[in-house]
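Data first, discussion second: the structure below is written as structure tokens.
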2 protein chains.
Amino acid sequence: MVGLAGLSFGELATEAQMSKSGLFAHYRSKENLQLAVLEYAQERFYIQVISPALKKKRGVPRIRALVANWVKWEDGAAGGCVFLAASVDFDDRPGVVRDYLWKAQKEWLDFLSKSARLAAEAGDFRREIDTAQFAYELYSIMLGYAHYKRLLGDRKAGQRQKAALERLLAQYSK
Amino acid sequence: MVGLAGLSFGELATEAQMSKSGLFAHYRSKENLQLAVLEYAQERFYIQVISPALKKKRGVPRIRALVANWVKWEDGAAGGCVFLAASVDFDDRPGVVRDYLWKAQKEWLDFLSKSARLAAEAGDFRREIDTAQFAYELYSIMLGYAHYKRLLGDRKAGQRQKAALERLLAQYSK
DNA sequence: GACCGGCACGAACGATCGTGCTATTATTCT
DNA sequence: AGAATAATAGCACGATCGTTCGTGCCGGTC
């Protein structure tokens, strides 16, 4: 199986060379296991994507770094970005997992919004821009990238994503 | 369960008030059942989204109609658009289902490309545009819409999608 | 040496999964 | 009417699922 919902103790135990029950004892429920996976993924996302971008100058340079790291994250994730897959799996399955996902995605989008605001304050972007709209469009471009790359296996996915980003940045810049 | 991969004969039989084996006899395998679902969905998609848009004038009016119908399709689909969910589920599960999905999505993207070309020929868009790039960006906007609407439950999703579309159209227009 | 909490184990549970086989019932054709 | 054909049901299979239970091992504390 694949994805967060398809994760099973049996399969995971085999891979970890442990007994199913021994592994289960650690997490006490499948929900807890799923949450642990998401927590770990979020930590990795911060380390790989956000943290290195914070070293860049505020504004467009930082946004470019975020996107570049984000692309690397998508490319590196075996089985696809866990947040994307889990979002589709859990979007109509209420529970703590969906709540966690919701919060994580919201924080990330707020971060993107803030990055756009900083870009406006730094003079890279126009001042009257809608920062949440920028976050939506940037996020959409990355959704498109993941889709093109994973399902379609399109070798031009990176090129398309780059072109879309340039178009987006140009339109929000002075 | 949810999604095309989570579809089961047992659940479906209960819902259809049939025996599991009776239902199974119709499709002879789960793969065939999934294919049948996709074929049906594609037919519905044509009827609800593509066909009515073909009655509109070539160019931007037709593109606007396509998007409007597409939004309605996303909104109307209980459990989300089956193509989106299935894409995530099957993108690394080789087989006839993935092949079918791949072909369907490719056809749809080609159709969007062609619509952009027609818009250029009609004088709505600039002539030197990259029509496949337009398809990518339009598709991305809709992926963003589905994501915002379904996982985030964002009431502004429609508004964001509209704004992104206007921005996109403006940039490809003369 | 007795006792303890934390870990990991094997076994088993009820449920559901996809998929076969074998009847039985409906429908259609001669 | 009877024969042929299709549709549905019944039942069972091996597998896997999440979960529970009882048990043993191992390091530290009294």
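Chain identifiers are assigned alphabetically (A, B, ...) following the order of the sequence lines, protein sequences preceding nucleic acid strands; residue numbering begins at 1 within each chain. These figures come from a predicted structure and were not determined experimentally.
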| With a 4.0 Å cut-off on heavy atoms, is A:L33 in touch with a base, just the backbone sugar-phosphate, or nothing at all? | nothing

| query | In Å and rounded to the nearest 0.5 Å, what is the CG to NE2 distance from B:L109 to A:H147? | reply | 7.5 Å

| Rounded distance [0.5 Å steps], CG in A:L33 versus CG in A:L7 | 5.0 Å

From the options [options], select the nucleotide whose nearest atom is closest to the side chain of [X].
X: A:S19; options: C:dC9, D:dC17, D:dT19; answer: C:dC9
X: A:F24; options: C:dC17, D:dT20, D:dC17; answer: D:dT20
X: A:F9; options: C:dC17, D:dG18, C:dC9; answer: D:dG18
X: A:S21; options: C:dG20, C:dA11, D:dT8; answer: C:dA11
X: B:K30; options: C:dG10, C:dC17, D:dT8; answer: C:dC17

Between [X] ([atom1]) and [N] ([atom2]), how many Å, whole number?
X: B:L12; N: C:dG18; atom1: CG; atom2: C1'; value: 14 Å
X: A:L23; N: C:dC7; atom1: CG; atom2: C1'; value: 12 Å
X: A:E11; N: D:dG18; atom1: CD; atom2: P; value: 9 Å
X: B:M18; N: C:dT25; atom1: CE; atom2: P; value: 16 Å
X: B:H26; N: C:dG18; atom1: NE2; atom2: P; value: 17 Å
X: A:R28; N: D:dT19; atom1: CZ; atom2: P; value: 11 Å

| request: Over all heavy atoms of both residues, which pair between A:A157 and A:Y148 is shortest? Give the atoms and the distance, please. | output: CB-CB, 3.8 Å

| query | So, for A:W108 and A:F45, is the gap between ring centers shorter than 6.0 Å? | reply | yes

| said: For C:dG10, does the base pair up with any side-chain atom of A:K20 as donor and acceptor (N or O, under 3.5 Å, distance only)? | reply: no

| Does the side chain of B:S8 get closer than 4.0 angstrom to OP1 or OP2 of C:dC17 through an N or O atom? | yes

| Could B:E121 and B:R117 be called an ion pair, given the rule that one side-chain N must be under 4.0 Å from one carboxylate O? | yes

